[in-house]
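Here's the structure, in C-alpha coordinates; my notes come after.
In what follows, every heavy atom counts, from backbone to side chain, and hydrogens, waters and symmetry copies are set aside. A, B, ... follow the sequence lines: proteins, then strands. Residue 1 opens every chain.
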Number of protein chains: 2
Amino acid sequence: MTIKKANYKPLTKAEEDIMQILWKLGKAFIKDIVDEMPEPKPHYNTVSTNIKILADKEIVGFESFGKANRYYPLVLKDDYSRKTMKQFVGKYFGGSYSELFSFFAKDKDISITELEKILSDLKNENSKK
Amino acid sequence: MTIKKANYKPLTKAEEDIMQILWKLGKAFIKDIVDEMPEPKPHYNTVSTNIKILADKEIVGFESFGKANRYYPLVLKDDYSRKTMKQFVGKYFGGSYSELFSFFAKDKDISITELEKILSDLKNENSKK
DNA sequence: GTTTTAATACTAATTAATTAGTAGTTTTAC
DNA sequence: GTAAAACTACTAATTAATTAGTATTAAAAC
(Lines give C-alpha, C1' and ligand atoms only; values in the text may rest on other atoms or scores of the structure.)
Protein backbone atom coordinates (compact mmCIF):
# COMPACT_ATOMS: atom_id res chain seq x y z
CA MET A 1 0.00 0.00 0.00
CA THR A 2 1.21 3.42 -0.94
CA ILE A 3 0.32 6.38 1.16
CA LYS A 4 0.42 9.72 -0.60
CA LYS A 5 3.05 11.73 1.21
CA ALA A 6 1.81 15.25 1.74
CA ASN A 7 5.20 16.80 1.26
CA TYR A 8 4.52 20.44 0.73
CA LYS A 9 6.72 22.16 -1.77
CA PRO A 10 5.77 25.65 -2.89
CA LEU A 11 4.77 25.96 -6.51
CA THR A 12 6.94 27.99 -8.80
CA LYS A 13 5.43 31.11 -10.31
CA ALA A 14 4.71 29.46 -13.66
CA GLU A 15 3.20 26.43 -11.97
CA GLU A 16 1.06 28.53 -9.69
CA ASP A 17 -0.30 30.59 -12.57
CA ILE A 18 -1.50 27.40 -14.18
CA MET A 19 -2.93 26.01 -10.96
CA GLN A 20 -4.90 29.17 -10.28
CA ILE A 21 -6.65 28.68 -13.59
CA LEU A 22 -7.15 25.00 -13.06
CA TRP A 23 -8.60 25.60 -9.62
CA LYS A 24 -10.95 28.10 -11.18
CA LEU A 25 -12.02 25.97 -14.12
CA GLY A 26 -12.01 22.64 -12.35
CA LYS A 27 -10.87 20.85 -15.45
CA ALA A 28 -9.38 22.13 -18.64
CA PHE A 29 -7.49 21.36 -21.79
CA ILE A 30 -4.26 23.19 -22.35
CA LYS A 31 -5.99 25.40 -24.86
CA ASP A 32 -8.49 26.49 -22.22
CA ILE A 33 -5.69 27.35 -19.85
CA VAL A 34 -3.91 29.45 -22.42
CA ASP A 35 -7.20 31.22 -23.13
CA GLU A 36 -7.58 32.13 -19.47
CA MET A 37 -4.05 33.49 -19.20
CA PRO A 38 -3.72 37.27 -19.20
CA GLU A 39 -1.66 38.97 -21.90
CA PRO A 40 1.01 38.36 -22.81
CA LYS A 41 -0.16 34.79 -23.13
CA PRO A 42 2.51 32.15 -22.93
CA HIS A 43 3.14 29.80 -25.84
CA TYR A 44 0.96 26.73 -25.92
CA ASN A 45 4.02 24.52 -25.56
CA THR A 46 5.19 26.45 -22.54
CA VAL A 47 1.99 25.62 -20.75
CA SER A 48 2.19 22.08 -22.04
CA THR A 49 5.67 21.62 -20.62
CA ASN A 50 4.72 23.09 -17.29
CA ILE A 51 1.57 21.11 -16.89
CA LYS A 52 3.53 17.97 -17.65
CA ILE A 53 5.84 18.90 -14.79
CA LEU A 54 2.77 19.32 -12.57
CA ALA A 55 1.48 15.95 -13.68
CA ASP A 56 4.82 14.30 -12.95
CA LYS A 57 4.71 15.78 -9.46
CA GLU A 58 1.16 14.50 -9.08
CA ILE A 59 -0.22 17.95 -8.52
CA VAL A 60 -2.59 17.54 -11.45
CA GLY A 61 -4.19 14.52 -13.03
CA PHE A 62 -5.68 14.11 -16.48
CA GLU A 63 -8.07 12.14 -18.59
CA SER A 64 -7.33 11.50 -22.23
CA PHE A 65 -9.86 12.33 -24.89
CA GLY A 66 -8.37 10.89 -28.01
CA LYS A 67 -5.07 12.66 -28.37
CA ALA A 68 -5.89 15.50 -26.05
CA ASN A 69 -5.64 15.51 -22.28
CA ARG A 70 -8.02 17.21 -19.95
CA TYR A 71 -6.32 18.19 -16.72
CA TYR A 72 -7.70 18.64 -13.24
CA PRO A 73 -6.17 19.51 -9.85
CA LEU A 74 -5.12 16.72 -7.55
CA VAL A 75 -4.02 19.19 -4.92
CA LEU A 76 -6.94 21.26 -3.71
CA LYS A 77 -6.68 25.00 -3.53
CA ASP A 78 -7.76 24.99 0.12
CA ASP A 79 -5.07 22.51 1.05
CA TYR A 80 -2.42 24.37 -0.81
CA SER A 81 -3.37 27.74 0.62
CA ARG A 82 -3.62 26.31 4.12
CA LYS A 83 -0.11 24.91 3.86
CA THR A 84 1.27 28.06 2.33
CA MET A 85 -0.30 30.15 5.08
CA LYS A 86 1.06 27.82 7.69
CA GLN A 87 4.57 28.29 6.34
CA PHE A 88 4.07 32.00 6.16
CA VAL A 89 2.62 32.37 9.63
CA GLY A 90 5.46 30.25 10.91
CA LYS A 91 8.05 32.55 9.44
CA TYR A 92 6.38 35.90 9.99
CA PHE A 93 4.15 35.50 13.01
CA GLY A 94 5.96 32.97 15.11
CA GLY A 95 3.46 30.34 14.06
CA SER A 96 0.59 32.10 15.78
CA TYR A 97 -2.59 32.83 13.83
CA SER A 98 -3.69 35.09 16.64
CA GLU A 99 -0.67 37.23 15.98
CA LEU A 100 -1.58 37.35 12.34
CA PHE A 101 -5.06 38.46 13.24
CA SER A 102 -3.91 41.12 15.63
CA PHE A 103 -1.39 42.32 13.09
CA PHE A 104 -4.21 43.07 10.69
CA ALA A 105 -6.39 44.42 13.40
CA LYS A 106 -3.72 47.03 14.06
CA ASP A 107 -3.49 47.81 10.40
CA LYS A 108 -5.20 50.82 8.93
CA ASP A 109 -6.30 48.70 5.95
CA ILE A 110 -8.88 46.89 7.99
CA SER A 111 -10.87 48.51 10.76
CA ILE A 112 -11.95 47.07 14.08
CA THR A 113 -15.56 47.54 13.10
CA GLU A 114 -14.90 45.53 10.02
CA LEU A 115 -13.29 42.78 12.01
CA GLU A 116 -16.19 42.72 14.44
CA LYS A 117 -18.54 42.33 11.55
CA ILE A 118 -16.52 39.44 10.23
CA LEU A 119 -16.57 37.75 13.60
CA SER A 120 -20.28 38.17 14.13
CA ASP A 121 -20.95 36.84 10.65
CA LEU A 122 -18.81 33.90 11.46
CA LYS A 123 -20.70 33.24 14.69
CA ASN A 124 -23.99 33.31 12.86
CA GLU A 125 -22.75 30.94 10.28
CA ASN A 126 -21.61 28.51 12.94
CA SER A 127 -24.80 28.63 14.98
CA LYS A 128 -26.86 27.85 11.90
CA LYS A 129 -25.17 24.51 11.60
CA MET B 1 13.73 64.77 -5.09
CA THR B 2 13.65 61.03 -5.24
CA ILE B 3 10.71 59.16 -3.92
CA LYS B 4 11.38 55.59 -2.95
CA LYS B 5 9.12 53.48 -5.10
CA ALA B 6 7.51 50.81 -3.01
CA ASN B 7 7.58 48.25 -5.78
CA TYR B 8 6.99 44.97 -4.08
CA LYS B 9 8.90 42.07 -5.46
CA PRO B 10 8.94 38.84 -3.51
CA LEU B 11 12.29 37.86 -2.09
CA THR B 12 13.93 34.75 -3.40
CA LYS B 13 14.42 31.91 -0.94
CA ALA B 14 18.10 32.71 -0.36
CA GLU B 15 17.35 36.38 0.10
CA GLU B 16 14.51 35.70 2.48
CA ASP B 17 16.64 33.44 4.66
CA ILE B 18 19.09 36.27 5.08
CA MET B 19 16.38 38.83 5.75
CA GLN B 20 14.78 36.69 8.42
CA ILE B 21 18.05 36.74 10.29
CA LEU B 22 18.61 40.41 9.71
CA TRP B 23 15.11 41.22 10.92
CA LYS B 24 15.82 39.18 14.01
CA LEU B 25 19.24 40.65 14.75
CA GLY B 26 18.51 44.19 13.65
CA LYS B 27 22.03 44.63 12.38
CA ALA B 28 24.73 42.16 11.63
CA PHE B 29 28.01 41.45 9.95
CA ILE B 30 28.08 38.68 7.42
CA LYS B 31 29.80 36.47 9.93
CA ASP B 32 26.91 36.93 12.35
CA ILE B 33 24.44 35.98 9.67
CA VAL B 34 26.31 32.82 8.80
CA ASP B 35 26.42 31.96 12.52
CA GLU B 36 22.64 32.22 12.73
CA MET B 37 22.07 30.04 9.71
CA PRO B 38 20.98 26.48 10.41
CA GLU B 39 23.10 23.60 9.20
CA PRO B 40 24.19 23.13 6.54
CA LYS B 41 25.54 26.64 6.74
CA PRO B 42 26.17 28.36 3.45
CA HIS B 43 29.63 29.51 2.49
CA TYR B 44 30.57 32.95 3.76
CA ASN B 45 30.91 34.18 0.18
CA THR B 46 27.48 32.91 -0.72
CA VAL B 47 25.95 35.09 1.94
CA SER B 48 28.23 37.91 0.92
CA THR B 49 27.06 37.72 -2.69
CA ASN B 50 23.42 37.53 -1.71
CA ILE B 51 23.58 40.39 0.70
CA LYS B 52 25.26 42.48 -1.95
CA ILE B 53 22.29 41.75 -4.19
CA LEU B 54 19.97 42.85 -1.38
CA ALA B 55 22.00 46.02 -0.95
CA ASP B 56 21.84 46.75 -4.68
CA LYS B 57 18.07 46.39 -4.52
CA GLU B 58 18.04 48.71 -1.50
CA ILE B 59 16.45 46.09 0.69
CA VAL B 60 19.32 46.36 3.14
CA GLY B 61 21.69 49.16 4.01
CA PHE B 62 25.05 49.02 5.68
CA GLU B 63 27.62 50.95 7.65
CA SER B 64 31.30 50.36 7.13
CA PHE B 65 33.55 49.61 10.06
CA GLY B 66 36.96 49.66 8.55
CA LYS B 67 36.88 47.01 5.90
CA ALA B 68 33.84 45.24 7.25
CA ASN B 69 30.20 46.16 6.62
CA ARG B 70 27.44 45.92 9.13
CA TYR B 71 24.10 45.38 7.44
CA TYR B 72 20.62 46.34 8.53
CA PRO B 73 17.15 46.03 6.94
CA LEU B 74 15.79 48.91 4.93
CA VAL B 75 12.58 47.05 4.27
CA LEU B 76 10.77 46.33 7.51
CA LYS B 77 9.49 42.88 8.29
CA ASP B 78 6.01 44.23 8.94
CA ASP B 79 5.89 45.96 5.59
CA TYR B 80 7.16 42.96 3.76
CA SER B 81 4.78 40.56 5.43
CA ARG B 82 1.86 42.92 4.91
CA LYS B 83 2.58 43.09 1.21
CA THR B 84 3.12 39.38 0.93
CA MET B 85 -0.14 38.73 2.72
CA LYS B 86 -1.93 41.15 0.47
CA GLN B 87 -0.69 39.31 -2.60
CA PHE B 88 -1.61 36.03 -1.07
CA VAL B 89 -5.08 37.07 0.01
CA GLY B 90 -5.60 38.49 -3.45
CA LYS B 91 -4.75 35.22 -5.09
CA TYR B 92 -6.30 32.78 -2.64
CA PHE B 93 -9.17 34.63 -0.99
CA GLY B 94 -10.35 36.93 -3.71
CA GLY B 95 -8.73 39.86 -1.92
CA SER B 96 -11.04 39.50 1.05
CA TYR B 97 -9.51 39.35 4.51
CA SER B 98 -12.88 38.27 5.84
CA GLU B 99 -12.59 35.15 3.78
CA LEU B 100 -9.12 34.59 5.10
CA PHE B 101 -10.25 34.77 8.70
CA SER B 102 -13.31 32.71 8.17
CA PHE B 103 -11.14 30.12 6.48
CA PHE B 104 -9.00 29.88 9.57
CA ALA B 105 -11.85 30.18 11.96
CA LYS B 106 -13.25 27.04 10.36
CA ASP B 107 -10.00 25.37 11.07
CA LYS B 108 -9.62 23.83 14.47
CA ASP B 109 -6.41 25.80 15.02
CA ILE B 110 -8.08 29.04 16.02
CA SER B 111 -11.40 29.65 17.67
CA ILE B 112 -13.75 32.57 17.29
CA THR B 113 -13.62 33.17 21.00
CA GLU B 114 -9.91 33.55 20.71
CA LEU B 115 -10.29 36.10 17.95
CA GLU B 116 -12.90 38.03 19.93
CA LYS B 117 -10.54 38.20 22.88
CA ILE B 118 -7.83 39.66 20.69
CA LEU B 119 -10.21 42.23 19.31
CA SER B 120 -11.51 43.35 22.68
CA ASP B 121 -7.97 43.65 23.99
CA LEU B 122 -7.18 45.83 21.06
CA LYS B 123 -10.16 48.07 21.69
CA ASN B 124 -9.05 48.54 25.27
CA GLU B 125 -5.59 49.39 24.15
CA ASN B 126 -6.93 51.97 21.74
CA SER B 127 -9.24 53.63 24.22
CA LYS B 128 -6.41 54.04 26.73
CA LYS B 129 -4.54 56.30 24.30
C1' DG C 1 -8.39 8.53 -48.33
C1' DT C 2 -5.73 12.71 -48.42
C1' DT C 3 -4.85 17.14 -46.45
C1' DT C 4 -5.06 20.17 -42.80
C1' DT C 5 -5.29 21.06 -38.07
C1' DA C 6 -4.41 20.26 -33.35
C1' DA C 7 -2.23 17.94 -29.96
C1' DT C 8 1.74 16.11 -27.23
C1' DA C 9 6.50 14.47 -26.46
C1' DC C 10 10.91 15.40 -26.66
C1' DT C 11 14.61 18.42 -26.88
C1' DA C 12 17.15 22.42 -26.48
C1' DA C 13 18.01 27.06 -25.45
C1' DT C 14 17.55 30.91 -22.35
C1' DT C 15 17.08 33.31 -18.12
C1' DA C 16 17.02 33.50 -13.08
C1' DA C 17 18.83 32.07 -8.85
C1' DT C 18 22.37 30.12 -6.14
C1' DT C 19 26.81 28.86 -4.85
C1' DA C 20 31.48 29.45 -4.09
C1' DG C 21 36.38 30.24 -5.87
C1' DT C 22 40.27 33.64 -6.59
C1' DA C 23 42.52 37.88 -6.01
C1' DG C 24 43.44 41.65 -3.58
C1' DT C 25 43.19 44.70 0.47
C1' DT C 26 42.65 45.96 5.27
C1' DT C 27 43.15 44.78 9.83
C1' DT C 28 45.11 42.19 13.51
C1' DA C 29 48.66 39.64 15.93
C1' DC C 30 53.14 39.11 16.82
C1' DG D 1 57.19 45.90 9.95
C1' DT D 2 55.95 41.20 8.59
C1' DA D 3 52.88 37.32 8.59
C1' DA D 4 48.42 35.70 9.27
C1' DA D 5 43.65 36.35 9.33
C1' DA D 6 39.43 38.47 7.88
C1' DC D 7 36.87 40.60 4.67
C1' DT D 8 34.97 42.15 0.15
C1' DA D 9 34.79 42.46 -4.89
C1' DC D 10 34.77 40.27 -8.81
C1' DT D 11 34.16 36.33 -11.48
C1' DA D 12 32.66 32.02 -12.86
C1' DA D 13 30.33 27.81 -12.52
C1' DT D 14 26.25 25.24 -11.34
C1' DT D 15 21.50 24.34 -10.69
C1' DA D 16 16.61 25.56 -11.09
C1' DA D 17 13.04 27.54 -13.66
C1' DT D 18 11.09 29.04 -17.84
C1' DT D 19 10.31 29.24 -22.57
C1' DA D 20 9.53 27.55 -26.95
C1' DG D 21 11.09 24.91 -31.22
C1' DT D 22 10.88 20.43 -33.94
C1' DA D 23 9.09 16.00 -34.87
C1' DT D 24 5.48 13.11 -34.80
C1' DT D 25 0.99 11.37 -34.47
C1' DA D 26 -4.06 11.52 -33.92
C1' DA D 27 -8.19 13.74 -35.20
C1' DA D 28 -10.95 16.54 -38.14
C1' DA D 29 -12.21 18.45 -42.51
C1' DC D 30 -12.91 17.83 -46.96
Side-chain angles (χ1 to χ4, degrees), chain A residues 7-22 25 27-75 80 84 87 91, chain B residues 7-22 25 27-75 80 84 87 91:
Chain A
N7 55 341
Y8 172 81
K9 185 80 185 310
L11 300 168
T12 67
K13 177 73 166 53
E15 287 169 348
E16 194 187 0
D17 289 345
I18 290 171
M19 289 309 292
Q20 285 290 351
I21 290 172
L22 217 47
L25 300 182
K27 48 196 171 190
F29 292 92
I30 293 176
K31 187 164 53 62
D32 305 325
I33 296 173
V34 175
D35 284 350
E36 282 288 314
M37 292 268 179
E39 296 293 348
K41 291 186 192 304
H43 191 282
Y44 182 102
N45 283 353
T46 298
V47 176
S48 174
T49 303
N50 281 319
I51 209 157
K52 197 171 180 317
I53 290 168
L54 287 166
D56 288 347
K57 294 184 184 171
E58 295 182 62
I59 292 165
V60 303
F62 63 88
E63 294 173 280
S64 297
F65 291 80
K67 195 174 160 50
N69 299 331
R70 189 174 63 187
Y71 295 89
Y72 56 87
L74 287 176
V75 171
Y80 183 72
T84 306
Q87 292 277 117
K91 283 189 287 189
Chain B
N7 56 340
Y8 171 81
K9 185 78 186 308
L11 299 168
T12 67
K13 177 73 164 57
E15 287 170 346
E16 194 187 1
D17 289 346
I18 291 171
M19 289 309 292
Q20 285 289 350
I21 291 172
L22 216 49
L25 300 182
K27 49 198 170 187
F29 293 92
I30 292 176
K31 186 163 54 61
D32 305 325
I33 296 173
V34 175
D35 284 350
E36 283 287 315
M37 293 268 179
E39 296 292 348
K41 290 185 193 303
H43 192 282
Y44 183 102
N45 282 353
T46 298
V47 176
S48 173
T49 302
N50 282 130
I51 209 156
K52 198 171 179 318
I53 290 168
L54 287 166
D56 289 347
K57 294 182 185 173
E58 294 181 63
I59 292 165
V60 304
F62 63 88
E63 296 173 280
S64 298
F65 291 80
K67 195 174 161 50
N69 298 333
R70 188 174 65 188
Y71 296 87
Y72 57 87
L74 286 177
V75 171
Y80 183 73
T84 305
Q87 292 277 114
K91 282 188 289 190

Whether A:Phe65 and A:Phe29 hold their rings parallel, tilted or perpendicular, with breakpoints at 30° and 60°: perpendicular

5'-most by nearest nucleotide on DNA chain C - A:Ala68 or A:Thr49: A:Ala68

Sugar-phosphate, base or nothing in reach of B:Asn69, heavy atoms under 4.0 Å: sugar-phosphate

Along DNA chain D (nearest heavy atom to each residue), the more 5'-positioned of A:Pro42 and A:Phe65: A:Pro42

From A:Leu25 atom CG to A:Arg70 atom CZ, the distance as rounded to the nearest 0.5 Å: 11.5 Å

Inter-axis angle, terminal five-pair segments of the helix from C:dG1-D:dC30 to C:dC30-D:dG1 [nearest 10°]: 10°

d(CG, A:Asn45; P, C:dA6) in whole Å: 14 Å

Among B:Ile33, B:Asp17, B:Asp32, the one residue meeting side-chain contact (heavy atoms from CB on, under 4.5 Å) with B:Leu22: B:Ile33

Sorted by number, the residues of residues 30-39 of chain A with heavy-atom contact under 4.0 Å to DNA chain D: none

Given B:Leu54, B:Val75, B:Asn69, B:Ile18, the one that forms side-chain contact (heavy atoms from CB on, under 4.5 Å) with B:Val60: B:Leu54

Side chains of B:Asn50 and B:Ile53 in contact at under 4.5 Å (non-hydrogen atoms): yes

Segment of DNA chain D, first to last nucleotide, that comes within the 4.0 Å heavy-atom reach of chain A: D:dA17 to D:dA27

First encountered from the 5' end of DNA chain D, between B:Tyr44 and A:Thr12: B:Tyr44

A:Pro42 to A:Val34 - nearest heavy-atom pair and separation: O-CG1, 4.0 Å

A:Glu63/A:Lys27 salt bridge by N-O under 4.0 Å criterion: no

Atom pair CE (A:Met37) and OH (A:Tyr44), whose distance is rounded to the nearest 0.5 Å: 12.5 Å

Touch class at under 4.0 angstrom, heavy-atom based, for A:Phe29 against every strand present: nothing

Salt bridge A:Lys31-A:Asp35, side-chain N to carboxylate O under 4.0 Å: no

Derivation of the side-chain contact (heavy atoms from CB on, under 4.5 Å) call for A:Lys91 and B:Glu16: CA-CA 10 Å; A:Lys91 283 189 287 189; B:Glu16 194 187 1; 3.2 Å; yes

Sidechain-backbone polar pair: A:Thr84 side chain, A:Tyr80 backbone, donor-acceptor under 3.5 Å: yes

